[in-house]
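The model shown is predicted, which means the values in this text are computed figures rather than measured ones. In each ligand, atom 1 is the first atom listed, and ligand 1 is the first ligand listed.
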Amino acid sequence: MNIIKAGDNRVAKIINRKKLSSEAKYRLSLFTYIYSVNDRYLIYNTLTSEVTELTENEWNAVQKIKKEPVSYDFIKENGLEELAVTRYIVETDYDDVKQYQQTVFLLKTMAGNKKGLSSYTIFPTTGCNARCIYCYEEGYTVKTMTTETADRLVEYICETKHDDTVNLRWFGGEPLANSRIISHICNALKERGVSYKSNMVTNASLMTRELAHEAKELWNLKKVQVSLDGAREDYALRKNYYDPIKHNYDIVMKAVHYLANEGIKVNLRVNVDFDNIARIPDFLHEIKAEFGDMENIRLYIAPLFQEEHDERCLELYKEIFRLTDYQKKIDVARNIIGAHDSVHIRTNYCMADVVDKCVVITPEGVFNNCEHLPEKQTWGNIFDGVTNKAELDELKKPMPVDEKCAKCPFLPECTPFYKNGCPCWFEQCYEFRCLKTEFKLRNLLEGADTETDNEDEEL
Ligand code: SF4
Ligand code: SF4
Ligand code: SF4
């Protein structure tokens, strides 16, 4: 056997066994995922994130353990002790879920509990110059942050921030539709000596060369996610800008150049469904011609939010992985960051389950824990502070492990939060995770580690 991807050392230190019991019976851990392709045999531990390649004999022995528990002698005879030490194989009475929970608890305790907020997701406006047919904010009343609210927000950040650099995430609506308020907030923070950096989700159609420079210098903008809709004709139809003469595909391509030329990292998120997917290969060639091998531009293909809840979503995901392989083949703006020596277990899913570190703030200064702004998940505002302590306490409580997740190998990747806490959760989560895992493992065999940064960051 041969480790082809190192896992999280911290987890290994907590869960690995020093000595195996010769009396015990052994089975595969809940967190062991096995996969074989083209006569290569892989075993993946979703808790440690380690991936090991097995020989055919070892693989056959693992298949036997998958069917029924085996003795220590069987483990020894087949040279699988190392898999038992590193917890791919565990004793039959081992409590996988409890071990996972204890590991996360220990890691959180070791990380300490620094006081203060580290991340503020700010909506400068819920308005937008586009009218995407799929916008999940359709129907929201348009609200735009005033200077008075922005001034109070700056006070609020100073009062609540931790004593390190804070992360500002500009979200909307279209945040650039109120870029004035972004500059206002950043100027005020700068005057007060607050250290900050920022990132943004935008359609980029309002980004100019001058603004990109300001974004780098004043906003400390490090990363931007630009949403695209595939080929030019799909883009025009889907974005449906109020003023398509001023705001259109070509303007956005220029904007991406301006941002990238400033050294800002640009992630192009290409939203697909069954209506535009056929034209994506041509579009990928267009992107290659447009951006060549510019280092800081990455592209990833993702389903439209609504499609994730459609019964054909797995079919769509299969197409997306196929296209991502094609993207790799033609070598265009790949979302592949290179070999990783180490990875970290997720101790939280996203900003929404760490309300003592992260907060979302609407244009009116209202708190939320999620950028989709679920109505009931608010507990106060920047003017009055906490007005609903019961709701805040509820959001702070760790989510219990769902019955379905307690039987699923992907629990360490999803965390207990995802299934019952994220509005993006979808019914076919398990099947999707299998597809994604096998895609990643295939890439690993080809020498590329596809750790993507298109997901919500752990905080
Ligand atoms: S660009 Fe974003 S905010 Fe604007 S309409 Fe489209 S999805 Fe909605
Ligand atoms: S959310 Fe779905 S994929 Fe994730 S652990 Fe639960 S059942 Fe598994
Ligand atoms: S990942 Fe889900 S819960 Fe977290 S912020 Fe995004 S939509 Fe909200």
Side-chain angles (χ1 to χ4, degrees), residues 30-31 33 46-47 96-97 100 119 121 123-140 142-143 169-178 200-207 225-229 235-242 247-248 252 269 271 302 304-306 308-309 314 346 348-355 358-360 363 368-374 377 395 399-437 454-459:
L30 171 65
F31 304 127
Y33 192 88
T46 61
L47 180 54
D96 306 82
V97 174
Y100 161 67
S119 167
T121 295
F123 281 61
T125 176
T126 51
C128 184
N129 59 334
R131 289 167 294 184
C132 296
I133 46 172
Y134 53 79
C135 181
Y136 61 80
E137 287 180 19
E138 200 188 35
Y140 283 18
V142 172
K143 300 276 182 198
R169 178 171 164 83
W170 309 107
F171 202 82
E174 172 46 55
L176 294 175
N178 195 9
M200 176 180 283
V201 178
T202 173
N203 64 37
S205 63
L206 296 162
M207 182 56 75
Q225 180 191 301
V226 177
S227 45
L228 297 177
D229 299 284
Y235 186 85
L237 271 176
R238 284 160 186 243
K239 276 283 178 284
N240 196 15
Y241 283 108
Y242 285 98
H247 308 133
N248 52 50
V252 169
R269 177 188 161 119
N271 295 313
L304 276 177
F305 175 67
Q306 288 82 349
E308 289 196 332
H309 300 268
L314 284 184
R346 287 179 99 124
N348 64 284
Y349 187 71
C350 66
M351 65 171 98
D353 62 337
V354 272
V355 282
C358 309
V359 64
V360 178
N368 206 292
N369 71 332
C370 165
E371 56 196 22
H372 281 232
L373 304 180
Q377 283 165 215
L395 293 172
M399 205 52 94
V401 177
D402 183 271
E403 209 181 314
K404 186 174 169 190
C405 303
K407 297 184 191 123
C408 176
F410 301 114
L411 175 61
E413 294 176 1
C414 289
T415 79
F417 177 82
Y418 174 54
K419 182 164 183 298
N420 290 319
C422 172
C424 292
W425 176 79
F426 59 109
E427 192 62 42
Q428 301 185 68
C429 52
Y430 170 77
E431 291 78 4
F432 162 67
R433 285 274 165 197
C434 291
L435 281 178
K436 186 174 173 185
T437 301
N454 58 344
E455 293 169 348
D456 284 279
E457 290 162 44
E458 191 194 359
L459 297 150

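- Defined by atom type and a distance below 3.5 Å, a donor-acceptor pair is present between the side-chain atoms of Glu174 and Thr202.
- The atoms of ligand 3 that sit less than 4.0 Å from any heavy atom of Cys422 are 1 (S), 2 (Fe), 3 (S), 7 (S).
- For atom 7 (S) of ligand 1, the candidate residues are Ala204, Cys128, Cys135; the nearest heavy-atom contact is made by Cys135.
- When all heavy atoms of Tyr242 and Ala130 are compared, the pair lying nearest together is CE1-O, 3.9 Å.
- Listed by atom number, the atoms of ligand 3 under 4.0 Å from His372 heavy atoms are 7 (S).
- The atoms of ligand 1 that sit less than 4.0 Å from any heavy atom of Ala130 are 5 (S).
- For ligand 3, the atoms lying closer than 4.0 Å to a non-hydrogen atom of Ala352 are 3 (S), 4 (Fe).
- Annotation for Cys429 and Tyr418: closest pair CB-CE2, 4.3 Å, computed over non-hydrogen atoms.
- Shown here for Met200 and Pro175, the closest heavy-atom pair between the two residues is CG-CG, 3.8 Å.
- Nearest approach of Leu228 to Val252, heavy atoms of both residues: CD2-CG1, 3.9 Å.
- Taking each heavy atom of Ser227 and Tyr235 in turn, the nearest pair found is O-CE1, 4.1 Å.
- For Cys132, heavy-atom contacts with ligand 1 shorter than 4.0 Å involve the backbone as well as the side chain.
- In the vicinity of Asn203, heavy-atom distances shorter than 4.0 Å reach the ligand 1 atoms 1 (S).
- Looking at heavy atoms from C-beta onward, Phe417 lies out of side-chain contact with Asn348 at the 4.5 angstrom threshold.
- Residues meeting the salt bridge (Lys or Arg N to Asp or Glu O under 4.0 Å) test with Asp353, sequence neighbours left out: none.
- Ligand-side atoms of ligand 3 in range of Cys370: 3 (S), 5 (S), 7 (S), 8 (Fe), range being under 4.0 angstrom from any heavy atom.
- Under the 4.5 Å side-chain criterion, counting only non-hydrogen atoms from C-beta, Cys414 is in contact with Arg433.
- The Leu411 neighbourhood of ligand 2 comprises atoms 5 (S), with distances under 4.0 Å to a heavy atom of that residue.
- Between Tyr349 and Pro416, every side-chain heavy-atom pair lies at or beyond the 4.5 Å cut-off.
- In summary, no N, O or S atom of Cys350 is located under 2.8 Å from atom 8 (Fe) of ligand 3.
- Neighbouring protein atoms of atom 2 (Fe) of ligand 2 (N, O or S, distance under 2.8 Å, waters ignored): Cys429 SG.
- Residues Glu371 and Arg169 form a side-chain contact, since some pair of their non-hydrogen atoms from C-beta on lies under 4.5 Å apart.
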